[in-house]
Protein chains: 2
Amino acid sequence: MTSSTPRNQRRKRTAVIGDAIKEYIASHGLGPGDRLPQESHLIDVLDASKGTIREALRGLESQGLIHTRTGPGGGAFITEVTDDRAMELLSNYFFFRPPTIHDIYQVRKQLEPTLVASLDGRLDDADFQRLESVMSFYDHPPASLEEERQQRIKELEFHLLLVDHCPNPLLALMCRFPIRLLMSLTTCQRIYDQPYPELRRQGHDYQRRLVDALRRGQVETASDIMAEHMQAAQALMEEREAMLDKAFFKADADEAGPSHEYLALSGLFTRTDEKN
Amino acid sequence: MTSSTPRNQRRKRTAVIGDAIKEYIASHGLGPGDRLPQESHLIDVLDASKGTIREALRGLESQGLIHTRTGPGGGAFITEVTDDRAMELLSNYFFFRPPTIHDIYQVRKQLEPTLVASLDGRLDDADFQRLESVMSFYDHPPASLEEERQQRIKELEFHLLLVDHCPNPLLALMCRFPIRLLMSLTTCQRIYDQPYPELRRQGHDYQRRLVDALRRGQVETASDIMAEHMQAAQALMEEREAMLDKAFFKADADEAGPSHEYLALSGLFTRTDEKN
DNA sequence: AGATATTTGTTCGTATGTATT
DNA sequence: TAATACATACGAACAAATATC
């Protein structure tokens with residue numbers, strides 16, 4: 001008579017146990033670095049077999065909530081979800097519904113100027129030098145297609161550097177993700193793999209002015225420059241996208257095949273685990 | 001080649017297998033609904049034991065990428081990550097660094113006006129009626145604290161309804177998440193659990209004007225109204241937050257205790273699995 | 001440096017549950 | 001109802017990693 005959970009609807013044992021562990025964390029006020037009870041103990045307390053416990057822990061681990069170590073004093077440790085993991089899990093959401101370039105810039109246009117505004121007084125000389133050092137990768141026309149591709153990536157890294165100093169973690173995440181998307185979207189790869197002199201020149205100009213304004217402490221101006229930068233980049237990217245679409249897509253619009261359009265994530269959709 | 005991957009550093013077997021399966025999905029062009037090879041087959045091909053395979057699959061399942069069914073024709077099936085799952089995984093990221101009210105509104109202020117603008121012509125009569133039906137929950141002063149709390153939730157649901165019609169999946173996700181955060185943040189619960197007449201009245205007024213503008217097809221105006229709405233709500237919420245902070249926080253600012261501030265996610269930080 | 005103890009990681013055999021036919 | 005195909009779960013054994021002495 002398990003009326004305690006009315007329509008338990010075949011909840012999976014591992015899911016139940018996973019939740020139990022989460023609850024344990026919350027109710028015991030555990031935080032990053034704290035250790036969970038060891039497997040053998042969990043087997044006892046939760047009355048499940050080793051395999052089941054391990055599956056549940058693996059679920060938590062793949063969500064980035066814990067990591068495990070072997071050896072004495074080892075076990076499962078609570079961790080803060082890292083930026084990278086959050087990006088990866090988010091990209092899964094878009095795996096079968098890749099955003100368009102327009103979608104991405106619609107967000108960037110709104111958020112990155114705000115991001116810049118939030119940087120007020122948070123950059124020191126070393127930070128500015130890092131920014132300029134990245135910019136030096138694309139302050140000149142590329143000598144090869146390979147260099148051109150790298151310049152595009154570096155230009156996006158410039159924006160990631162700014163994000164690193166944002167004091168608002170929510171805003172930071174929401175700025176970071178579209179940038180990472182642009183780095184891995186295959187639609188973009190197609191664009192990046194072709195010469196596009198204006199994109200580099202224009203981008204570098206805006207960023208130059210942006211850094212100068214920030215150096216002078218004029219965040220308002222800097223924010224405006226970022227807005228223009230995004231507006232201009234969107235225009236160039238969409239224009240190019242339209243060109244390539246016309247070139248690549250054959251006249252036949254019917255492609256009911258099973259080949260899904262998750263072109264999206266080449267780089268992001270990988271490694272479930274990483275260091276440590 | 002930098003020293004990026006000098007030694008593989010004992011990648012976990014389950015992680016390797018998880019990636020192998022992801023790769024399998026991508027390289028075979030599989031999409032939602034398609035079935036993965038069955039356990040026994042994976043055991044063969046990937047040369048791992050049942051337990052290891054199962055742990056890897058559980059990892060993918062907890063990321064929302066697959067779900068499994070028993071019985072003949074059963075197995076692991078690829079699924080699109082649902083909105084709810086994405087929200088849950090995202091909330092994990094903020095579990096130990098809950099955003100402040102200011103953080104949240106900084107984002108909402110930028111995105112929700114854009115959201116409204118993207119709704120151009122996408123709402124029909126039934127949609128407007130749904131919006132108004134939600135608004136009817138808070139078109140009058142509350143009779144009890146309980147009703148007051150529910151009014152706050154309903155007011156947020158109004159915004160979620162708008163999000164449902166956004167054609168930009170990236171923007172939609174980024175609008176939805178802050179709203180869900182407000183629903184579950186304990187800081188907000190504290191605010192919601194106290195009488196706050198202006199919050200309701202003001203919110204209802206803005207939304208009334210917003211719907212009217214949308215009905216007339218004036219998305220520009222509607223977008224502006226949303227911007228004002230967010231601005232005003234932010235002011236009220238932050239004012240209240242400051243009041244409560246002053247009331248609750250004792251004079252001692254030192255609290256190096258292990259009691260973590262993941263007050264954040266009361267409702268979100270639950271269920272690893274759900275229907276089916 | 002080497003031995004040992006501790007704890008997770010992996011495998012196998014077996015039994016049970018569940019959905020299809 | 002029975003047979004079948006598949007995931008789910010258990011338990012025991014052994015392997016590998018790592019901290020400590």
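Just the heavy atoms: all of them, side chains too, but no hydrogens, waters or symmetry mates, feed the values below. Here is the naming used below: chain letters follow the sequence lines, and residue numbers restart at 1 for every chain.
Legend: residues meeting salt bridge (charged side-chain N to carboxylate O under 4.0 Å, His left out) with Asp164(B), ordered by chain and number and at least two apart, are Arg176(B). Glu112(A) is linked by a salt bridge (charged side-chain N to carboxylate O under 4.0 Å, His left out) to Arg108(A), counting only residues two or more places apart in sequence or in another chain. Residues satisfying the salt bridge (charged side-chain N to carboxylate O under 4.0 Å, His left out) criterion with Asp47(B), sequence neighbours excluded, are absent altogether. With sequence neighbours excluded, the residues satisfying side chain to side chain donor-acceptor pair (under 3.5 Å) with Arg152(A) are Glu148(A).
For the 3.5 Å distance criterion, the side chains of Ser49(A) and Thr52(A) qualify, holding a donor opposite an acceptor.
Geometrically, Arg69(B) engages Phe77(B) in a cation-pi contact defined by less than 6.0 Å to the ring centre and at most 45° from the axis.
Atom CZ in Arg11(A) sits roughly 16 Å away from atom C1' in dT8(D) (whole-Å rounding). The interatomic distance linking Lys12(B) (NZ) with dT10(C) (C1') rounds to 13 Å, in whole Å. Per the geometry, CD belonging to Glu61(A) stands 12 Å off P belonging to dT8(C), to the nearest Å. One interatomic measurement links the two molecules: CG of Leu36(A) to P of dT8(C), which rounds to 10 Å at whole-angstrom precision. When the C1' atom of dT8(D) is taken as reference, atom CD1 of Ile17(A) falls 12 Å away, rounded to whole Å. Distance, His41(A) NE2 to dT7(C) P: 12 Å, rounded to whole Å. Note: CD1 (Ile43(A)) to P (dG11(D)) measures 9 Å, nearest angstrom.
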Pairs: protein N or O with nucleotides 4-6 of chain D N or O, under 3.5 Å:
residue	atom	partner	partner atom	Å
dC6(D)	OP1	Gln38(B)	NE2	3.1
dC6(D)	OP2	Gln38(B)	NE2	3.4
dC6(D)	O5'	Gln38(B)	NE2	2.6

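Ion pairing between Lys50(A) and Glu55(B) fails under the 4.0 Å rule for side-chain N and carboxylate O.
Taking the centre of each ring, Phe94(A) and Phe177(A) come in below the 6.0 Å mark.
Sorted by residue number, the members of residues 46-56 of chain B with any non-hydrogen atom under 4.0 Å from DNA chain C read Ala48(B), Ser49(B), Lys50(B), Thr52(B).
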